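What you see is a predicted model; the values in this text were computed from it and never measured.
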Amino acid sequence: MEGVTTSHNTGTKKVLLPANEQPVLIKQVALGILEQGEKVSAHTHPDMDEHYFFLRGNGIMRVDDQVYRLAPGDFILVKAGSEHELLCDIEKLEFYYQGFQLLSP
C-alpha cells in the first residue's frame, strides 16, 4: 500500500478504507496481543470486514487459502466471509484491528 499526499498537502497517508467505498458500521476498534504459541482459531464474519495493522512481533495469518508471514508494519484486510486465523509463533505479537459491519444500501 503506497502513501498518498493528504488533502491538506502536508505529509502522506495510507488509506485503509476510502469514505466512498461502501456504507459501514464500526463494530470494534482494538489493540490485540498474542503471546508466543497463542492462536486465534479459524473463523469467519459473514457481514464484517476486519482491518489488521501489525505493530510489534511476528506471526502467521491465514486468510482463506493465502498464508502471510507477519512483521511490524504489515496490513491485512480480511473481507467479510473470509475464513481467517492468526498465530503468534516467535515472539509476542501486537496489532491494531478494527471491524466494520457491511450495511445494506
Side-chain angles (χ1 to χ4, degrees):
M1 178 181 301
E2 291 193 33
V4 296
T5 303
T6 69
S7 58
H8 308 287
N9 293 318
T10 303
T12 59
K13 62 182 177 180
K14 294 183 179 183
V15 179
L16 306 179
L17 180 67
N20 60 353
E21 191 161 303
Q22 60 190 12
V24 297
L25 172 67
I26 297 173
K27 296 292 286 184
Q28 68 176 343
V29 175
L31 180 63
I33 299 172
L34 293 177
E35 299 291 338
Q36 184 178 12
E38 291 184 324
K39 177 181 181 177
V40 176
S41 297
H43 64 285
T44 61
H45 304 285
D47 62 351
M48 183 175 74
D49 285 355
E50 285 185 306
H51 298 207
Y52 289 84
F53 185 73
F54 295 91
L55 305 169
R56 291 185 183 87
N58 299 93
I60 297 170
M61 185 169 213
R62 183 183 61 80
V63 180
D64 293 326
D65 295 328
Q66 294 280 61
V67 176
Y68 302 94
R69 165 64 56 195
L70 305 171
D74 287 348
F75 171 77
I76 304 281
L77 169 61
V78 179
K79 298 293 281 178
S82 294
E83 183 178 81
H84 54 289
E85 62 186 328
L86 181 59
L87 167 69
C88 176
D89 64 341
I90 298 174
E91 59 182 296
K92 180 166 51 174
L93 186 62
E94 295 181 27
F95 50 98
Y96 165 85
Y97 65 107
Q98 51 196 13
F100 297 97
Q101 181 177 341
L102 306 180
L103 303 176
S104 300

I need the [X] [atom1] to [Y] [atom2] distance, nearest 0.5 Å.
{"X": "Leu70", "Y": "Tyr68", "atom1": "CG", "atom2": "OH", "value": "10.0 Å"}
{"X": "Leu77", "Y": "Tyr52", "atom1": "CG", "atom2": "OH", "value": "10.5 Å"}
{"X": "Phe54", "Y": "Asp74", "atom1": "CZ", "atom2": "CG", "value": "7.5 Å"}
{"X": "Asp89", "Y": "Ile60", "atom1": "CG", "atom2": "CD1", "value": "4.0 Å"}
{"X": "His84", "Y": "Lys79", "atom1": "NE2", "atom2": "NZ", "value": "13.5 Å"}

> Given the rule that I, L, V, M, F, W and Y join up when any side-chain heavy atoms are under 4.5 Å apart, are Tyr96 and Leu34 in one cluster?
Replying inline: no
> Is Leu102 reachable from Val29 through a run of I, L, V, M, F, W or Y residues, each pair having side-chain heavy atoms under 4.5 Å apart?
Replying inline: yes
> Salt bridge or not for Lys27 and Asp47, using N-O below 4.0 Å?
Replying inline: no
Tell me if a side-chain donor or acceptor on [X] pairs with a main-chain N or O of [Y] at a distance below 3.5 Å.
{"X": "Glu83", "Y": "His43", "value": "no"}
{"X": "Glu38", "Y": "Glu35", "value": "yes"}
{"X": "Asn58", "Y": "Ala71", "value": "no"}

Taking all non-hydrogen atoms of both residues, which atom of [X] and which atom of [Y] are closest, and how far apart?
{"X": "Ala80", "Y": "Asp49", "value": "N-OD1, 2.6 Å"}
{"X": "Glu85", "Y": "Ser41", "value": "CB-C, 3.9 Å"}
{"X": "Gly57", "Y": "Pro72", "value": "O-CD, 3.3 Å"}

>> Counting only heavy atoms from other residues, nucleotides and ligands, does the tally under 6.0 Å from CG of Leu31 exceed 12?
In response: yes
>> Please check if the number of heavy atoms outside Arg56 that lie under 6.0 Å from its CZ is greater than 12.
In response: no
>> Set out, in order, the CA-CA distance, both residues' side-chain angles and the distance that settles side chain to side chain contact (heavy atoms under 4.5 Å, CB included) for Gln28 and Glu50, then state yes or no.
In response: CA-CA 9 Å; Gln28 68 176 343; Glu50 285 185 306; 3.5 Å; yes
>> Under the ring pair (Phe, Tyr, Trp, His ring centres under 6.0 Å) test against His51, which residue among Phe100, Tyr97, Phe95 passes?
In response: Phe100
> Would you call Val78 and Met61 a side-chain contact if the rule is heavy atoms closer than 4.5 Å?
Replying inline: yes
